[in-house]
Amino acid sequence: MADGLGIAAAVIGIAGAALQISQSLYEDLHAISNAPKTVRALEADISTLTTSVKALGGIEEPEWQKLGSEIADQIKSVLRQCQTACTTFRADLTRWTRHSAPNELAVRDRIVLGVYRQKEIASVSQQVQNWKSSFASIVGLATVQSSLRNGRTSESINATLVAFREETAAANTQMQERIGALVTTQTELGQVDREDLEESDIQDADATLALLKIEQETLKSSVSLLQDLLTKSEETAKSQGLTVTQHNVFGAYSSGVQVGQSSGTITNNACPVPAK
C-alpha cells in the first residue's frame with residue numbers, strides 16, 4: 001500500500017479497473033442480438049457482478065482498518081484476477097465471433113458459442129459466482145464492524161455474524177469442490193493427442209486451459225480470503241463477549257467455529273469444433 005494512501009482508496013482504485021473491464025464485457029455480450037442462451041446467462045451474471053464490485057466502494061476506512069491489510073491485499077488480488085479473466089474472455093470472444101457482423105452472430109459462430117464453447121463460458125460464469133461470494137463476504141463482515149462502531153445491540157450483531165459465517169462457510173466448501181473438478185478437467189484436456197489437430201483447434205484448447213488456470217488461481221485466492229474472513233469473524237465475536245462453539249463449517253475440508261450468545265452484554269458504542 002502506498003504511503004499516505006488509505007486502504008479504502010487503494011481497494012477502490014483496483015475495483016474501478018475491474019469494474020471497467022467487467023462493464024466492457026457486459027456491453028460486448030449485450031450487443032449480440034442473437035446470442036445463444038449460455039451467452040445471455042453469462043451476460044446476466046456479469047451484470048450482477050458489476051453491482052457486487054460497486055458495493056466494495058461502500059466500505060469505509062475504519063472498517064478496512066478493522067479487517068486489516070492482509071485481507072485488503074487478498075481482495076485486491078481477487079479483483080486483479082477478475083480483471084485478467086474478463087480481459088482474457090473478451091479476447092477469446094472476439095476470436096470466436098470473427099466471422100460475424102457487428103452485433104449479430106453468423107451461423108457458424110453461433111454454433112461455436114452455443115455448443116462448442118460451453119466449457120469456457122461455464123468457467124467464466126463460475127468465476128463470476130466466486131467473485132461475488134468473495135465481495136459479498138467482505139461487505140458482510142464490514143457491515144458487522146460498522147454495526148459495532150455504531151453501537152448496535154448484541155442480538156442483532158450476533159444474528160448477523162451467524163448468517164455471515166454460514167454463508168461464507170458454504171461458499172468456501174463449494175469453491176474447494178470446484179477446485180477438485182478443475183484439476184480433473186485440466187488433466188483430461190492435457191491428455192488430448194494434438195498430432196491430428198488443426199492449428200485453430202490447438203489454439204482453442206490452449207485458450208480453454210488458460211481460462212481454467214485463471215479460474216483455479218482465483219479459487220485458491222478466494223478460498224484463502226474466505227478462511228481469513230471466518231477467522232476474523234471469530235476474533236470479532238470473542239472481542240465483543242460472544243461465545244464461539246467449535247464445529248465443522250467446511251465439510252470435509254477444515255473446521256471452524258459457530259458464533260453464539262454469552263450471558264454477558266455488549267457495551268461497545270463504538271462473488272469436434274466446426275471448421276473456422
Side-chain angles (χ1 to χ4, degrees), residues 16-54 78-133 135 178 181-182 184-186 188-219 271-276:
L19 179 62
Q20 183 177 20
I21 188 62
S22 62
Q23 287 178 326
S24 295
L25 176 55
Y26 170 79
E27 291 168 2
D28 291 346
L29 297 171
H30 184 70
I32 303 174
S33 62
N34 61 337
K37 290 181 180 179
T38 51
V39 173
R40 282 286 170 256
L42 179 59
E43 176 192 334
D45 287 340
I46 297 294
S47 177
T48 57
L49 171 65
T50 59
T51 301
S52 297
V53 175
K54 289 178 182 177
V78 173
L79 283 164
R80 291 189 184 100
Q81 289 167 336
C82 171
Q83 184 179 358
T84 298
C86 288
T87 300
T88 300
F89 189 76
R90 285 191 78 201
D92 289 339
L93 185 64
T94 298
R95 181 163 54 84
W96 296 333
T97 60
R98 63 186 179 275
H99 305 106
S100 301
N103 304 335
E104 185 172 358
L105 293 175
V107 173
R108 66 197 300 185
D109 289 346
R110 195 171 192 279
I111 293 173
V112 167
L113 282 181
V115 179
Y116 297 101
R117 298 276 74 87
Q118 288 191 29
K119 190 185 299 293
E120 293 85 344
I121 293 173
S123 175
V124 175
S125 183
Q126 182 64 54
Q127 289 183 73
V128 170
Q129 303 309 317
N130 296 336
W131 298 327
K132 289 195 296 183
S133 292
F135 302 152
R178 176 63 179 170
L182 281 176
T184 299
T185 301
Q186 288 172 308
E188 291 173 349
L189 288 174
Q191 293 174 343
V192 173
D193 187 353
R194 298 190 171 201
E195 290 186 2
D196 296 328
L197 294 179
E198 296 181 2
E199 183 61 30
S200 60
D201 293 332
I202 293 175
Q203 290 177 356
D204 285 338
D206 288 340
T208 300
L209 285 169
L211 279 173
L212 294 178
K213 182 178 180 180
I214 292 172
E215 182 184 352
Q216 188 175 33
E217 292 304 312
T218 297
L219 281 165
C271 106
V273 175
K276 311 176 194 50

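Counting begins at 1 with the first residue of the sequence.
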Next on the checklist: For Gln216 and Gln186: C-alpha separation, side-chain torsions, deciding distance, then whether side-chain contact (heavy atoms from CB on, under 4.5 Å) applies.
Outcome noted: CA-CA 10 Å; Gln216 188 175 33; Gln186 288 172 308; 3.1 Å; yes
Item to check | From CA spacing to verdict: side-chain contact (heavy atoms from CB on, under 4.5 Å), Leu113, Leu93 | outcome: CA-CA 9 Å; Leu113 282 181; Leu93 185 64; 4.0 Å; yes
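Atom CD of residue Gln126 and atom CG of residue Asp45 lie 9.5 Å apart, to the nearest 0.5 angstrom. The CD atom of Gln83 sits 12.5 Å away from the CG atom of Leu25 when rounded to the nearest 0.5 Å. Note: Arg178 CZ to Leu219 CG = 7.5 Å, rounded to the nearest 0.5 Å. To the nearest 0.5 Å, atoms SG (Cys82) and CD1 (Ile21) are separated by 9.0 Å. In this structure, Glu43 CD and Thr48 OG1 are separated by 11.0 Å, a value rounded to the nearest 0.5 Å. In this structure, CG on Leu182 lies 6.0 Å from CG on Leu212, to the nearest 0.5 angstrom.
The shortest non-hydrogen separation linking Ser47 to Tyr26 is CB-CE1, 3.8 Å. Of all heavy-atom pairs spanning Ala106 and His99, the tightest one is CB-O, 3.7 Å. Smallest separation of non-hydrogen atoms from Ser22 and Thr50: OG-CG2, 3.5 Å. Between Ala35 and Arg110, the shortest heavy-atom contact is O-NH2, 3.6 Å.
In the model, Thr97 has no side-chain atom that pairs as donor or acceptor with a side-chain atom of Asp109 under 3.5 Å. A side-chain donor-acceptor contact under 3.5 Å links Glu215 and Ser123.
Contact check for Lys119 versus Thr185: side-chain heavy atoms found under the 4.5 Å cut-off. Contact check for Ile32 versus Asn103: no side-chain heavy atoms found under the 4.5 Å cut-off. Side-chain contact check for Lys213 versus Leu209: every heavy-atom pair is 4.5 Å or farther apart.
Judged by distance alone, with hydrogens and angles left aside, the side-chain atoms of Ser125 form no donor-acceptor pair with the main-chain N or O of Ile121 at under 3.5 Å.
For Asp92, the side chain to side chain contact (heavy atoms under 4.5 Å, CB included) partners are Thr88, Arg95, Trp96, Ala207, Leu211, not counting sequence neighbours. Listed by chain and number, the residues in a side chain to side chain donor-acceptor pair (under 3.5 Å) with Thr38 amount to none (sequence neighbours excluded).
With a 6.0 Å radius and a threshold of 12 heavy atoms from other residues, nucleotides or ligands, Gln118 has its CD atom above the threshold.
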